[in-house]
Amino acid sequence: MTRVLIHGLGLIGSSLALAIRDAQPQVTIVGSDRQATTLTYAKQHQLVDEVTDDFSTAAIQADVIILAGPVSVIRDDLAILATLPLKTTVLITDVGSTKQTVLAAAKPLQTRGFTFIGGHPMAGSHKSGVTAGRADLFENAFYFLVPGLAPQAAVTQLQALLVATKAKWLTVTPSQHDRLVGQLSHVPHVVAAALVNQTQTALADSPMGLRLAAGGFKSLTRIASSDPTMWTAILLNNPTVVVAQLQAFMATLTAVTTAIETGDGARLKTFFTAAKTTRDHLGPERLGSLPNFYDVFLTIPDRPGAIAGVTQLLAQAQLSLVNIHILEIREEVDGILQLTFGNAATHDAAIALLAAANYQIVRKS
């Protein structure tokens, strides 16, 4: 019987445990965590088959080891594993948000002949901890794999173990991964947090202040609510990439500032036009063979039951939603409902269904 050790039973670790357990009852899942209360909860709610606070002993007995802590902890865990008499066939992977530092930390293991595959599921929640675990957390989410020196057979083995996640696999190099997530995730988190802090300071003397924040501000800054400890660790483990990307972003802001100061309307219009064109064309047709999501945007009136009417219509037709999001809702103004689907066929069927029901579709991608 395969023994899978998941070290770190937070949101990601507990969700992986649930996904594996639901699809592969023949696998024994061992949960390891530094928090005793986390282990108690995981055992009582049957997230795992066994729990332990002895990571080293559990690792020696494991066939698969999943390191699911913060990046700084993952690096420490790899250093410990490199000193242990692990099974020669053990498969080790992680879920860290940066990959170059993790792959560097894994080199001593690889030198000893052990197989390590870097991993990073691009999934999350506003909730955290073991109580937030969900078997469907990764469904249709991108899941980066960074094989490094690992053979294809090991990659196939890992994907088979995690098949119930229903994730979309993307194989990249460590530098590709860190550059992509730096620009698309790390920098946006810095920008969102900076805007919130700057706005708080700018409006500190206003009685209304941030109480007036409406849809646009809230949508843009939503990710500023993320875990400060986790994001500190992420930035410190991807410094070269993030610093370069932030410097490029600041140069763009400087150019816009200059255009405003000099009254250069043509330059400002070009700036906004380029952004609108790029943003409006985000979609699968621009990403070649990469797996992606498919969106439909429709107006939705501000009245009770309006959203329920849309979801019931889709449910009756057995069309599955990946996500639903309300954009720019204000009192007495129709909002925009963003519906996200996991494949083109469901997306197209939903458009036809909604159009037949006289919903006004603003945009589709």
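Everything quoted here is computed from the prediction, not taken from an experiment.
In the hydrophobic clustering, where aliphatic and aromatic side chains (Ile, Leu, Val, Met, Phe, Trp, Tyr) are joined below 4.5 Å either directly or transitively, M250 stands alone.
Connection of V163 to L145 is not established within any shared hydrophobic cluster, with ILVMFWY side chains joined at heavy-atom distances below 4.5 Å, either directly or through further cluster members. Note on L86 and I80: same hydrophobic cluster, where clusters join Ile, Leu, Val, Met, Phe, Trp and Tyr whose side-chain heavy atoms are under 4.5 Å apart, directly or indirectly. L103 and L180 end up in the same hydrophobic cluster when Ile, Leu, Val, Met, Phe, Trp and Tyr side chains are linked at under 4.5 Å. In the hydrophobic clustering of this structure, W231 does not group with V191; members are Ile, Leu, Val, Met, Phe, Trp, Tyr whose side-chain heavy atoms approach within less than 4.5 Å, directly or through other members. Hydrophobic clustering of Ile, Leu, Val, Met, Phe, Trp and Tyr side chains at less than 4.5 Å, counting indirect connections, keeps I66 apart from M230.
Across I6, T93, I74, V73, a single residue satisfies side chain to side chain contact (heavy atoms under 4.5 Å, CB included) together with L67, and that is I74. For the pairing with L158, the side chain to side chain contact (heavy atoms under 4.5 Å, CB included) check across L162, T156, V155 returns one residue only, L162.
A donor-acceptor pair under 3.5 Å is formed between the side chain of K87 and the backbone N or O of Q61. Listed for the D178 side chain is a donor-acceptor partner under 3.5 Å among the backbone atoms of Q100. A donor-acceptor pair under 3.5 Å is formed between the side chain of R21 and the backbone N or O of Q46. Within the 3.5 Å criterion, the main-chain N or O of G182 finds no donor-acceptor partner in the side chain of S185. Checked by atom type and distance alone, the side chain of R112 pairs as donor or acceptor with a backbone atom of A82 at under 3.5 Å. Without hydrogens or angle criteria, T311 side chain to A308 main chain gives a donor-acceptor distance under 3.5 Å.
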Stepwise side chain to side chain contact (heavy atoms under 4.5 Å, CB included) test for L161 and T2 | CA-CA 10 Å; L161 177 68; T2 301; 5.5 Å; no
Practice item. Kindly indicate, with the supporting measurements, whether the criterion side chain to side chain contact (heavy atoms under 4.5 Å, CB included) is fulfilled by T346 and Y294. Key: CA-CA 9 Å; T346 304; Y294 299 78; over 6 Å; no
- request: May I have the step-by-step check of side chain to side chain contact (heavy atoms under 4.5 Å, CB included) for T131 and H45, ending in yes or no?
  value: CA-CA 9 Å; T131 60; H45 291 80; over 6 Å; no
Query raised in the report: Between L5 and F55, is a side chain to side chain contact (heavy atoms under 4.5 Å, CB included) present by the stated rule, with each step listed?
Result: CA-CA 9 Å; L5 170 63; F55 170 58; 3.9 Å; yes
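Side-chain contact between H189 and L235 is absent, with no heavy atoms from C-beta onward closer than 4.5 Å. Counting heavy atoms from C-beta on, the side chains of V4 and L16 never come closer than 4.5 Å. Looking at heavy atoms from C-beta onward, V310 lies in side-chain contact with L298 at the 4.5 angstrom threshold. Looking at heavy atoms from C-beta onward, V90 lies out of side-chain contact with L81 at the 4.5 angstrom threshold. Under the 4.5 Å side-chain criterion, counting only non-hydrogen atoms from C-beta, F249 is not in contact with V190. V64 is listed as a side-chain neighbour of Q157, based on a closest heavy-atom distance under 4.5 Å. Side-chain contact between N238 and V71 is absent, with no heavy-atom pair separated by less than 4.5 Å. Using a 4.5 Å cut-off on side-chain heavy atoms (C-beta onward), V146 and V172 make contact.
Note that the CG atom of L109 and the CG atom of L149 stand 11.5 Å from one another [nearest 0.5 Å]. With rounding to the nearest 0.5 Å, the separation of CD in Q338 from CG in L321 is 11.0 Å. The line from CZ of R3 to CG of D49 is 9.0 Å long, rounded to the nearest 0.5 Å. Atom CD1 of I65 is separated from atom CG of D77 by 9.5 Å, given to the nearest 0.5 angstrom. Distance check: I92 CD1 to D63 CG gives 11.5 Å after rounding to the nearest 0.5 Å. In this structure, CG on L195 lies 4.0 Å from OG1 on T199, to the nearest 0.5 angstrom.
A pairwise comparison of heavy atoms in I234 and T98 identifies O-CG2, 3.7 Å as the closest pair. Closest approach of Y143 and A167 over heavy atoms only: CB-CB, 3.7 Å. Summarising the geometry of A233 relative to S72, their closest heavy-atom pair is CB-OG, 4.4 Å, with the distance given to 0.1 Å. Nearest heavy-atom pair across Q24 and A160 is NE2-O, 3.2 Å. Shortest non-hydrogen contact noted between V181 and S97 is CG2-O, 3.8 Å. The two residues L9 and V48 come nearest to each other via the heavy atoms CD2-CG1, 4.5 Å.
Taking the side chain to side chain contact (heavy atoms under 4.5 Å, CB included) definition, one finds that T173 meets it with S175, Q176, sequence neighbours left out. Contacts of Q245 classified as side chain to side chain contact (heavy atoms under 4.5 Å, CB included), with partners at least two apart in sequence or in another chain: R179, Q183, V187, V241.
Note on ring orientation: taking the six-membered ring where Trp is involved, the planes of H347 and F341 are perpendicular (angle over 60°, cut-offs 30° and 60°).
Looking at K99 and D94, a side-chain N of the basic residue comes within less than 4.0 Å of a carboxylate O on the acidic one, giving a salt bridge.
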